[in-house]
Protein chains: 2
Amino acid sequence: MSQIRHSAKLRHGVPVPIYYQLQELILKDIENGNLLPGAMIPTEQQLVKSYGVSIGTVKKAILNLVNQGYLYRIQGKGTFVTGTTLRRESLRYYRLLDDFDGQESNLAVKPIGIRKVPGFVPANRFLQIRSDQPLFELKRIFLMDGTPAVFSISYLPQNLFKKLSDYPSIEFEKKPLYATIEEKYGIPTINNLELIRACFPDTEAAGVLGIPMSLPVLYLEMLAFTYRRRPYEYRRAYCITSAKKIFREY
Amino acid sequence: MSQIRHSAKLRHGVPVPIYYQLQELILKDIENGNLLPGAMIPTEQQLVKSYGVSIGTVKKAILNLVNQGYLYRIQGKGTFVTGTTLRRESLRYYRLLDDFDGQESNLAVKPIGIRKVPGFVPANRFLQIRSDQPLFELKRIFLMDGTPAVFSISYLPQNLFKKLSDYPSIEFEKKPLYATIEEKYGIPTINNLELIRACFPDTEAAGVLGIPMSLPVLYLEMLAFTYRRRPYEYRRAYCITSAKKIFREY
DNA sequence: GCTCATTTGTTCGTATGTATC
DNA sequence: TGATACATACGAACAAATGAG
């Protein structure tokens, strides 16, 4: 029960609005794990009492966090912590379409190996960890209508995901990687960054995708971030685009 | 002076909240051009009087439109209509970086021709106009540090941009296309859609970019939308990515 | 199916502070 | 400095959705 008197934490008479201070306090509880994705935060009335502010101020703080995507509310139920904002992996870059108004194809994921590898440049630099820190390497194939379309190699810091290699790989077929990471390790994906280029596949990618090395492919490098812009995954992917195309909206 | 009694336009006792109805009325004025980008909308008090609602309701309607990017407010001055939300063309797809944390390179635009062309498939279908409607074709080169990096071909409906070919092409060098379109035609760019693939350049693209036809390039197709998801530009672009890479964040 | 306590959603309004010109 | 406009903080009253009993 959070009936504690937190009022001391809010400072009046400073140029920072009360609602903003409250907002940041709630956000901090989300980021440090006191409030996990899916958890219900205190009700408006509880916040009114424990912080000694008016209902309007509480509403403003909460609605701001809702607009920022950290919380969602259900009338009659409560206010809850949002999980990963990238709801479908397909919206990240695996939505392959023939056309602007085309339909999304049937997509399946096939893991083809997970192992521990030594850290290397540039992965460890992108992940902001020491270059001698080991990594998990996860290789996967994305199949469109049964045909290999994307060959993806993910690198994750071992210290963040200690039990990942013991994790049954069947799980990776059922759901996107970010969903597994959020559920098992409490790391929600907030945003990501991509580098895109056109090139020829290397020997391994050509073999896995079943294409000649003379066929141009999209080469994507991706960094996935959690709260406070902390990177947790570095990914390389080779995408066949000769028939289908990569789609993106923003 | 907008001291008209608009109150009749707001219906009470319906399941649609008052603030939302007001919000939509303001939005409609923006979309149909009654309120142009940069224009100041009526003050809170004027809206309170003319619509007969409380200050809180007015604030909620306006703040929603601010959150959605249609309006911005300056304390002490007023509330204004936002223009194009894509502030820098470089954020769309021309931000070429060597690395995730690299710096943006010096980018210049060089128009190499504008002309009238007959409509064609798929451009006219994407632009949602009849296939016999003519188009403007605008060809441009994007130079990075003086070196050609992107060859871009834009198609615009002639009926929307009647005077575009008379427009001094020097203007296109100074500012992004979307800025010109907003300023001269009052069409703000709200969002866009892209298709991306890797392929070889055609003869023209290879010539313009000064690369061999055997070098893989990114081939982008883009649709730019204004209010209500109305498409106004269809663009094709060839991007050299052998040295630099395409960057994107979202 | 209904009632009731809980929780959020909407609408109202006042008072005061702060920024702009 | 004054008038104007937005920002903050307060809080009341009622509506609507949820879930438990």
Student: Protein within reach of the bases, or only the backbone? For nucleotides 11-21 of chain D, mark each nucleotide 5' to 3' as B, S or -, using heavy atoms under 4.0 Å.
Tutor: B----BBBS--
Student: Please list all pairs passing the salt bridge (Lys or Arg N to Asp or Glu O under 4.0 Å) test where one or both residues lie in residues 54-65 of chain B, with sequence neighbours left out.
Tutor: B:E44-B:K59
Student: At under 4.0 Å, does any side-chain N or O of B:R73 touch on OP1 or OP2 of D:dA5?
Tutor: no
Student: Nearest whole angstrom, please: distance from the C1' of D:dA7 to the CD of A:Q23.
Tutor: 14 Å
Student: Starting from P on D:dC6, measure out to NZ on A:K60 and report it in whole angstrom.
Tutor: 13 Å
Student: Who are the side-chain contact (heavy atoms from CB on, under 4.5 Å) partners of A:N34, not counting sequence neighbours?
Tutor: A:D29, A:N32
Student: At their closest point, which heavy atom of B:P111 faces which heavy atom of B:V109, and how far apart are they?
Tutor: CD-O, 3.9 Å
Student: Which whole-number value in Å describes the distance from A:R11 CZ to D:dT8 P?
Tutor: 17 Å
Student: Figure out the CD/P separation between B:Q45 and D:dT4, and round it to whole Å.
Tutor: 11 Å
Student: Using a heavy-atom cut-off of 4.0 Å to chain B, what are the terminal contacting nucleotides of DNA chain C, in 5' to 3' order?
Tutor: C:dT10 to C:dC21
Student: Rounded to the nearest 0.5 Å, how far apart are CD of B:Q68 and CG of A:N67?
Tutor: 9.0 Å
Student: Taking only the side-chain nitrogens and oxygens of A:T57, find out if one of them lies under 4.0 Å from OP1 or OP2 of D:dT8.
Tutor: no
Student: Quick one: CG on B:L127 to CG on B:L135, what's the gap to the nearest 0.5 Å?
Tutor: 6.5 Å
Student: Enter the distance from A:L223:CG to A:R235:CZ here, rounded to the nearest 0.5 Å.
Tutor: 11.0 Å
Student: DNA chain D: B:I62 or A:Y20, which has the more 5' nearest nucleotide?
Tutor: B:I62
Student: Among residues at least two apart in sequence or on other chains, which ones pass side chain to side chain donor-acceptor pair (under 3.5 Å) with A:T43?
Tutor: none
Student: Can you list the residues that meet the side-chain contact (heavy atoms from CB on, under 4.5 Å) rule with B:Y72, with sequence neighbours excluded?
Tutor: B:I74, B:F80, B:T82
